[in-house]
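In what follows, a structure is listed as structure tokens, so that the remarks can point back to it.
In listed order, ligands and their atoms are each counted from 1. None of the values given here were measured: they were computed from a predicted structure.
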Amino acid sequence: MAEFFANIPKIKYEGPQSTNPLAFKYYNPDEVIGGKTMKEQLRFALSWWHTMGGDGTDMFGCGTTDKTWGEASPEARAKAKVDAAFEIMDKLSIDYFCYHDRDISPEYGSLKETNEKFDELIDYIAEKMKADPSKKLLWGTAKCFDHPRYMHGAGTSPSADVFAYAAAQIKKAIDSTIKLGGKGYVFWGGREGYETLLNTNMGLELDNMARLMKMAVEYARSKGYDGDFYIEPKPKEPTKHQYDFDTATVIGFLRKYGLDKDFKMNIEANHATLAQHTFQHELRVARDNGFFGSIDANQGDPLLGWDTDQFPTNAYDATLCMYEVIKAGGFTNGGLNFDAKARRGSYTLDDIFYSYIAGMDTFALGLRAAYKLIEDGRVDKFVDDRYASWNTGIGKDIIDGKVGFEELEKYALEKGEVTDSLTSGRQEYLESVLNQIMFTL
Ligand code: XLS
Ligand code: NI
Ligand code: NI
């Protein structure tokens, strides 16, 4: 089999002093941190769409990177993509991958033909996984948003035929996920939203989206699937208003429709910032509500208002992310999927390696710093102390449900102005503690 990256060696850990661009400075896969190897904790995944298919095309220009993998026909190209993906994963020590059905194999003349060709590719991937059992599917999904039939949505389309088509497509994508032993299936509501309420029955659309998800769960469970389903929130793009706006909105939706037992969150950093939240905020909302699942690791640009899907290089955000992951008990079925693409100007195929190394090292730094932050204990202790008034006295009585408005009025009248349980928030001090920890790794 052809080697696609003959000039790229297997990437090794050389430590923070190394200046070798093709080496990890912080990611040392087998190093044990917090009782588990970095590899087990971080569960990095390759995103098939960006890495194998994204060629830099944007609305102002054509692609800058050749992602044809040396093949002209769609069938041969799809196969070459698999070979190249496994070579990339091997050289980067990435164990997981994620895909949309159409990243693996495109649409052909009919759904029947599309399905047959897709199945062949899934079989081919299964063979590759048999040959190298370290390679695993993190999650699968269906691309129910790019074909013109999905212009008004898939599960939320006004057309029942489109809903049926989407169901058929999702059924197949679930089959492939099960076949490859995946423990995650993602719903990202590509065009599940609206442009104007003048033409939209929002209530029916949301009911239908829940119907589609319920059917997906029922079908997958009937086939023995015991993994997680994820919703990946995003507030806008491509539609003006995406229904899965943010984690809090999605949790409300899942609870309303009784889907909360089967679904968790796949949180993407760039989607969090599009919703005017921090990445950490979204993770915290998921964790506090028991919906922490998986992560699409990328970053946006503070000056741009769209999903730039940049490789994550912000170690500060990665530290706060990994802090949440550790506090949530770590990943179970989820992981860190690099839903990220090299900039259009970083156009050589070698840039795939430079960008993954940058992203992986950033999260390795984040993991190291997050553990240090927790071991150091100053921040956690500060938070505990800040809420100390809830551990005894009136605070405890409120939590225990022993008092109501009458008792609280009496207490406040007797006590007079509040003084002793009001303390400084000390934000600047805490931020400096975080800096100190991050820069004395
Ligand atoms: C797009 C989403 C998408 C999902 C998978 O903004 O991030 O790539 O992760 O459908
Ligand atoms: Ni994503
Ligand atoms: Ni995205």
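Looking at E232 against ligand 1, only its side chain comes within 4.0 Å, counting heavy atoms. The part of E268 lying near ligand 1 is the side chain, judged by heavy-atom distances below 4.0 Å. Within the 4.0 Å heavy-atom criterion, neither part of N266 lies near ligand 1.
Residue H271 places a heavy atom under 4.0 Å from ligand 1.
Distances from the Ni ion (ligand 2) to the N/O/S atoms of D339 are shortest for OD2. Residue-level check: among N/O/S atoms of D296, OD2 sits closest to the Ni ion (ligand 2). Taking the N/O/S atoms of E268 in turn, the shortest distance to the Ni ion (ligand 3) belongs to OE2. Closest N/O/S atom of D307 to the Ni ion (ligand 3): OD2.
If you look at F44 and F338, their ring centroids are closer than 6.0 Å. Less than 6.0 angstrom separates the ring centroid of F292 from the ring centroid of F331. Checked against a 6.0 Å centroid threshold, the rings of Y27 and Y13 do not count as neighbours. The ring of F145 has its center closer than 6.0 angstrom to the ring center of H100. Between W49 and Y99, the distance separating the two ring centers is not shorter than 6.0 angstrom. Aromatic rings from F5 and F353 are positioned such that their centres are separated by under 6.0 Å. Aromatic pair Y354/Y356: ring centres not closer than 6.0 Å.
Listed by atom number, the atoms of ligand 1 under 4.0 Å from D307 heavy atoms are 1 (C), 6 (O). Under a 4.0 Å criterion applied to the non-hydrogen atoms of D296, ligand 1 contributes the atoms 9 (O). Interface of K234 with ligand 1, defined as ligand atoms under 4.0 Å from a residue heavy atom, comprises 1 (C), 6 (O).
For T141, no nitrogen or oxygen atom sits less than 3.5 Å from a nitrogen or oxygen atom of ligand 1, counting backbone and side chain alike.
The shortest distance between side-chain heavy atoms of L349 and T65 falls below 4.5 Å.
Given atom 8 (O) of ligand 1, the protein heavy atom at minimum distance is D339 OD2, 3.0 Å. In this structure, atom 5 (C) of ligand 1 lies nearest to the protein heavy atom H100 NE2, 3.2 Å.
Figure legend: cation-pi geometry between R149 and Y165, with NZ or CZ positioned under 6.0 Å from the six-membered ring centre and within 45° of its axis.
When the options D307, D244, D339, D296 are evaluated for a salt bridge (charged side-chain N to carboxylate O under 4.0 Å, His left out) with K234, the one that passes is D307.
For the Ni ion (ligand 2), the N/O/S atoms of E232 include one lying under 2.8 Å.
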